[in-house]
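Here the structure is a predicted model, which means the values were calculated and not measured.
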Amino acid sequence: TGKTSTAFLILNNLIRDYNAICLMCTDLNVAQISNFIKDLRKIQDNPIIIFVDEVDDSISQEENAYLTFLDGEASFENVIFIGCTNYLEKIPARIKNRPSRIKYLYEINKFPTAVYKQYVETKVPSIAKKVLEEIVYKASENCFTIDQLKHLLIDHFIDNIPMDKSIKNIKGNE
C-alpha cells in the first residue's frame with residue numbers, strides 16, 4: 001500500500017532534521033528492542049526512532065509487553081515509535097486509544113498530492129511538468145497506493161500503455 005515507503009520518508013526526514021537513530025525492529029520482540037535502546041543510551045542521547053512494519057502481528061504476540069514498553073515502567077525517554085499496519089482494527093483499543101501510548105494515529109486512505117509528486121519525480125526525474133501534473137492528479141483521484149502508482153509508471157513509461165488504460169487495468173486488478 002506504500003505504508004513502508006511513507007514510513008521511510010518520515011525516517012529519512014527525522015535523521016536529517018534531528019540526527020535521529022532509526023532502528024528497523026520488524027522482526028524483533030520488545031525485549032530485544034529494549035536492549036538495543038539501553039545499549040544506545042549508554043553512549044548517546046540522540047532521538048531514537050523504533051520502526052515496526054506489520055505492527056499488528058507483533059502486538060498480537062506481545063500485547064502486555066507493548067503496553068509497558070509504550071508508556072509503562074519499561075518505556076524510554078526521547079524515543080519515537082512508528083508502526084505500520086494494513087489492519088488498524090487488529091490493534092487493541094487499550095493501545096491505540098490511549099494518548100500516552102499512541103500520541104498520533106493516522107489512517108491513510110489517500111496520500112497527499114505532494115507524496116505522489118515526490119515519488120514520481122524520484123522515479124522519473126526527467127518527466128515533463130504537464131505529464132507529472134496529470135499523473136499526480138489521476139493517482140490522487142483514484143486514491144492510488146504507492147504500489148499502484150509504481151505500476152502506472154511502469155505501464156506508461158516502459159510498456160507504453162496509455163495512462164487511462166493502465167489505470168483501468170490497475171483498478172480492475174483489485
Side-chain angles (χ1 to χ4, degrees), residues 1-123 136 139-140 142-152 170 173-174:
T1 60
K3 65 187 181 336
T4 305
S5 296
T6 303
F8 285 163
L9 288 172
I10 294 167
L11 296 174
N12 284 329
N13 287 339
L14 291 169
I15 291 168
R16 182 191 67 229
D17 296 345
Y18 299 99
N19 200 27
I21 296 171
C22 299
L23 301 175
M24 306 305 176
C25 298
T26 299
D27 297 323
L28 302 179
N29 62 42
V30 172
Q32 292 168 312
I33 296 169
S34 294
N35 286 334
F36 277 127
I37 294 171
K38 287 175 189 172
D39 289 344
L40 282 169
R41 285 293 180 243
K42 290 177 186 175
I43 57 174
Q44 60 75 40
D45 194 33
N46 293 41
I48 296 174
I49 314 303
I50 305 299
F51 174 69
V52 178
D53 201 6
E54 309 303 342
V55 72
D56 54 292
D57 291 337
S58 301
I59 288 177
S60 70
Q61 296 171 19
E62 294 191 284
E63 184 175 336
N64 288 332
Y66 269 96
L67 290 170
T68 59
F69 175 73
L70 292 172
D71 81 337
E73 61 187 47
S75 66
F76 294 89
E77 295 292 322
N78 206 16
V79 172
I80 296 172
F81 179 84
I82 298 177
C84 293
T85 181
N86 287 327
Y87 307 100
L88 190 56
E89 70 279 0
K90 290 184 179 181
I91 306 296
R94 65 187 190 150
I95 290 178
K96 71 179 175 185
N97 295 337
R98 187 166 172 184
S100 60
R101 292 193 174 121
I102 305 294
K103 188 172 183 178
Y104 303 105
L105 180 69
Y106 298 102
E107 183 172 10
I108 300 172
N109 295 318
K110 177 171 111 172
F111 292 105
T113 56
V115 172
Y116 293 124
K117 183 178 179 191
Q118 182 179 1
Y119 182 83
V120 173
E121 288 175 326
T122 301
K123 299 302 179 188
V136 167
S140 180
N142 286 284
C143 300
F144 269 11
T145 65
I146 296 299
D147 191 54
Q148 290 172 318
L149 180 57
K150 174 185 75 174
H151 285 289
L152 175 63
I170 291 166
N173 290 333
E174 294 180 341

What pair of heavy atoms forms the shortest contact from [X] to [Y], and how long is it?
{"X": "T113", "Y": "S140", "answer": "CG2-OG, 3.8 Å"}
{"X": "C84", "Y": "D53", "answer": "CB-OD1, 3.5 Å"}
{"X": "V52", "Y": "S58", "answer": "CG1-OG, 3.6 Å"}

Do [X] and [Y] touch side chain to side chain, with heavy atoms closer than 4.5 Å?
{"X": "F81", "Y": "I49", "value": "no"}
{"X": "I48", "Y": "F76", "value": "no"}
{"X": "M24", "Y": "L11", "value": "yes"}
{"X": "K3", "Y": "E54", "value": "yes"}
{"X": "V120", "Y": "L149", "value": "yes"}
{"X": "I50", "Y": "I82", "value": "no"}
{"X": "I95", "Y": "I59", "value": "yes"}
{"X": "C22", "Y": "I15", "value": "yes"}

Pairs in or reaching into residues 38-50: which pass salt bridge (Lys or Arg N to Asp or Glu O under 4.0 Å), with residues at least two apart or in two chains?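 Checked against salt bridge (Lys or Arg N to Asp or Glu O under 4.0 Å) - neighbours excluded - the pairs reaching residues 38-50 are D39-K42, R41-D45.
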Pairs flagged by salt bridge (Lys or Arg N to Asp or Glu O under 4.0 Å) wherever residues 60-86 is involved - sequence neighbours left out: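 Only E63-R94, D71-R98, D71-R101 qualify under salt bridge (Lys or Arg N to Asp or Glu O under 4.0 Å).
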Donor-acceptor contact below 3.5 Å, side chain Y116 vs main chain F144: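 Judged by distance alone, yes, a pair lies under 3.5 Å.
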For F69 and Y66, take the angle between the two ring planes, folded into 0 to 90°, and tell me which bin it lands in: parallel under 30, tilted 30 to 60, perpendicular over 60.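 Perpendicular.
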CG-CG distance between L152 and D147, expressed to the nearest 0.5 angstrom: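 It comes to 11.5 Å.
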Spacing of CG belonging to N46 relative to CG belonging to L40, to within rounding of 0.5 Å: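 Here the rounded value is 9.0 Å.
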I would like to know whether I146 and V115 meet side chain to side chain contact (heavy atoms under 4.5 Å, CB included); could you show each step before the answer? CA-CA 9 Å; I146 296 299; V115 172; 4.1 Å; yes
Step by step, work out the side chain to side chain contact (heavy atoms under 4.5 Å, CB included) result for Q118 and L9. CA-CA 10 Å; Q118 182 179 1; L9 288 172; 3.7 Å; yes
Looking at residues at least two apart in the chain, or sitting in another chain, which of them share a side-chain contact (heavy atoms from CB on, under 4.5 Å) with L105?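 side-chain contact (heavy atoms from CB on, under 4.5 Å) list for L105, sorted by chain: L88, K96, I102.
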Using the test side-chain hydrogen bond (donor to acceptor under 3.5 Å, both in side chains), find all partners of N13 that sit at least two apart in sequence or belong to another chain.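 For N13, the residues satisfying side-chain hydrogen bond (donor to acceptor under 3.5 Å, both in side chains) (neighbours in sequence not counted) are R16.
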Report all side-chain donor-acceptor pairs from residues 28-36 shorter than 3.5 Å, counting only partners two or more places apart or in another chain.
unit_1 : atom_1 : unit_2 : atom_2 : d
N29    : OD1    : A31    : N      : 3.1
N29    : OD1    : Q32    : N      : 2.8
Q32    : OE1    : N29    : N      : 2.8
S34    : OG     : V30    : O      : 3.1
N35    : ND2    : A31    : O      : 3.3

Can you list everything that forms a salt bridge (charged side-chain N to carboxylate O under 4.0 Å, His left out) with K117? Sequence neighbours excluded, please.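 For K117 there are no salt bridge (charged side-chain N to carboxylate O under 4.0 Å, His left out) partners, ignoring immediate neighbours.
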Do T85 and D56 pass the side-chain hydrogen bond (donor to acceptor under 3.5 Å, both in side chains) test, and can you show the C-alpha distance, the side-chain angles, and the key distance before you say yes or no? CA-CA 6 Å; T85 181; D56 54 292; 2.6 Å; yes
Between F51 and F8, does the ring centre distance come in under 6.0 Å?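 Aromatic pair counts; centres sit under 6.0 Å.
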